[in-house]
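Residues: numbered from 1 along the sequence shown.
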Amino acid sequence: MNELYVKELFIVSPKDKKAKKVEFTEGINVITSANNHVGKSTITKSLYYSLGAEVFFGKLLEAKDLVHILKFQINKETYLLMRHKNNYLLKSSTGIKVARKSSELTDILEGIFGFNVFLEDKSQKFIKAPPVFYYLPYYIDQDMGWSIQSLSFDKLSQFDKSYRNDAYYYHLGIYDSSYGIKKIRSKTLTQNKKKLEDEKKNALSLLSYVENNLSSYDMNLNYEYLEIKKNEILRDYEKYAYDINNLRRKILSYKEEIKKIDNTLVNLDRTIGKIVKIKQKVDSEFNVVCPFCNNEYEITSKKLLKINYDIEDVVSSKLALLDIKNKAEVDLKAEQKKHKEFISKLEEMESEKIGVDFNLDDILKFKGLQRTKEDLTNQVGTIERNLDPIKDELKELKKDLKQWKELRSIADNDFKEKLVKNLLDFNVKELVIPDKGKIHMGSELDGSGSGQVRVNLARFYSMISLINEKNVNNKIVKFPFIIDSPKSGEQSIPNSKLIFDLLINKVKMTNQIILATIDFKDFYEDDMDKLNLIEINTPEFQLMSHEDYLKNKQYIEDLLEVYFESFTSN
């Protein structure tokens, strides 16, 4: 039978030279005492702690600083597992193996137990779960196990509760390593599928936008013709621009010439004015008094003629300049008219050039959009080609996962049926399971007051009995059912007697049972011979003793020597 049962436990303090040895049998083991705080819970906690689980040790006992030595048997093969903090040594007929962390111990235990548990952690990775998940359905802790949540083990928060519940279905043989592999593969593919579908959606959206814009362009536009036309316009534009610059220079030259003539004419007018004034004075006075000698002189007719001649000469020059100015103004107007015509022509060319550029820009945009359309079309095609194998693989994976889901649903229904029966057997009347309620092995069931203890017992018995039924080919190892203080919650005397009668006599279970309680003999009235009764008579908080250490000194120290040598050489 593929079943683990505990044979012997040593709790050792090498520093204080103290120890506690407890021996167990395959059937029902009851650890009891007349008083509290004598170490019953320390013993029960130490069992699965020795096997790699984390438990809630009391603050007064530095149990994690102690050495735990557990002897257990599976299929007639005996193993000895030593634990000190996070260092483990496994000794068997095949040799010695050591582990320095729980993940290494998991690999060792997998080879012994023949199965493993894969769970999704909070980083959304499927990993091989630590050893505690081998023992999850088999332990009810005195302090934490009787609550609604029934969290008997410590450090489970690495996994969300919904994922922790998956562990139960590995014990049922429904899930196996391929389930974890396919589950994570399905999740990875689903994420990849969504990413590709989002990319496809975005690409199609852009493609639609591009196609709508392409329809607004004139497909008849000829890029080569427009390019030639643009070059012709540019050549003419450059010629006219050159001619305009020449015209501007001519216009400036004419304006400067006219300005000079106007200045000269002004000066001539001033000269004529002066001469005229002289003549007028000469005409009125024929004798002139010298300002220096005061002699009076007569002006001759010759001098008068000379004055008149000067006036005529200046007037003649003025007339000649006016002729030149008139001609320059005519030429200026001609050049200005020509300049205006050229400017108009340049504006016309500019407009024509802009029109060509606009059409060329349209063509370039069209070509760019065409290339974008081709790229997007290719991108969509590539995405679809990448999506097809993902969809095909996901389809097959979903079929497999659906089968697992159906098997899990069947198991949940079977569990619910057992739970209803066991609740009645454990005298739980206040909890009503709805016909259509979603109940599974990890469900939290609320029982009021002292009823919570019996609710949890009914739940655990339902789980273990279902595991045993499903495990018809003994593929999955069965573990000891360890129950600490089932009389918790102020049970009445009748309920306490009922609990022990059910646990020992009426609920048939092939698993090894290790039960810890105070005053067991006061509540159990049946044959004691069928039990391995372990009575703890040590003083309070003194579970270990020098006597136990001395009795087993050679055995303990030999094992410690093997432990030290193994970790030193590895």
side-chain contact (heavy atoms from CB on, under 4.5 Å) against [X], all qualifying residues, sequence neighbours excluded:
{"X": "Gln379", "value": "Ala203, Leu376, Ile383"}
{"X": "Asp198", "value": "Lys194"}
{"X": "Ser123", "value": "Asp121, Lys125"}
{"X": "Pro539", "value": "Gln542"}

Note to self: Under 3.5 Å, is there a donor on one side chain and an acceptor on the other for Glu417 and Asn413?
What the structure shows: no
Carboxylate-amine/guanidinium contact Glu396 Lys399, below 4.0 Å
yes
Does the side chain of Tyr179 reach to within under 4.5 Å of the side chain of Tyr170, using non-hydrogen atoms? yes
Any side-chain heavy-atom pair from Leu498 and Asp425 closer than 4.5 angstrom? no
Which value, rounded to the nearest 0.5 Å, describes the distance between [X] atom [atom1] and [Y] atom [atom2]?
{"X": "Met441", "Y": "Lys418", "atom1": "CE", "atom2": "NZ", "result": "11.0 Å"}
{"X": "Ser443", "Y": "Leu419", "atom1": "OG", "atom2": "CG", "result": "8.5 Å"}
{"X": "Phe133", "Y": "Tyr163", "atom1": "CZ", "atom2": "OH", "result": "13.5 Å"}
{"X": "Ser496", "Y": "Asp522", "atom1": "OG", "atom2": "CG", "result": "10.5 Å"}

Residues at least two apart in sequence or cross-chain that pass salt bridge (Lys or Arg N to Asp or Glu O under 4.0 Å) with Lys17, listed by chain then number, are none
Enumerate donor-acceptor pairs with a distance under 3.5 Å from any side-chain N or O in residues 400-407 to protein atoms, sequence neighbours excluded.
unit_1 : atom_1 : unit_2 : atom_2 : d
Asp400 : OD2    : Lys182 : NZ     : 2.8
Trp404 : NE1    : Ile174 : O      : 3.0

_Centroid-centroid under 6.0 Å between Tyr139 and Phe153 rings_ = yes
Report yes if the distance between the aromatic ring centroids of Phe479 and Phe113 is under 6.0 Å, otherwise no. yes
Side chain [X], main chain [Y], donor-acceptor under 3.5 Å:
{"X": "Asn386", "Y": "Leu196", "result": "no"}
{"X": "Asp527", "Y": "Asp529", "result": "yes"}
{"X": "Ser150", "Y": "Trp146", "result": "no"}
{"X": "Glu3", "Y": "Asn75", "result": "no"}

Heavy atoms of Arg185 and Leu397 approach each other most closely as CG-CD1, 3.7 Å
Nearest heavy-atom approach of Ile148 to Gln452 is CG1-OE1, 3.4 Å
Open item on the list: For a side-chain contact (heavy atoms from CB on, under 4.5 Å) check, start with the C-alpha distance between Ile483 and Leu457, then their side-chain angles and the critical distance, and finish with the verdict.
Closed with: CA-CA 9 Å; Ile483 313 161; Leu457 282 170; 4.1 Å; yes
Name all residues meeting the ring-ring contact (aromatic ring centres under 6.0 Å, His included) criterion together with [X]; count only those two or more places apart in sequence or in a different chain, and write none if there are none.
{"X": "His440", "answer": "none"}
{"X": "Phe24", "answer": "none"}
{"X": "Tyr88", "answer": "none"}

Salt bridge (charged side-chain N to carboxylate O under 4.0 Å, His left out) pairs touching residues 455-467, sequence neighbours excluded, are none
Residue pairs passing the salt bridge (charged side-chain N to carboxylate O under 4.0 Å, His left out) test with at least one member in residues 129-145, sequence neighbours excluded, are Lys45-Asp141, Lys45-Asp143
Q.
Given the ring of Tyr49, does Arg83 sit roughly above its face, with NZ or CZ under 6.0 Å from the centre of the six-membered ring and within 45° of the axis?
A. yes
In Lys97, Lys101, Lys128, Arg100, the residue satisfying salt bridge (Lys or Arg N to Asp or Glu O under 4.0 Å) with Asp107 is Lys128
Ser93 meets the side chain to side chain donor-acceptor pair (under 3.5 Å) criterion, sequence neighbours left out, with Glu77
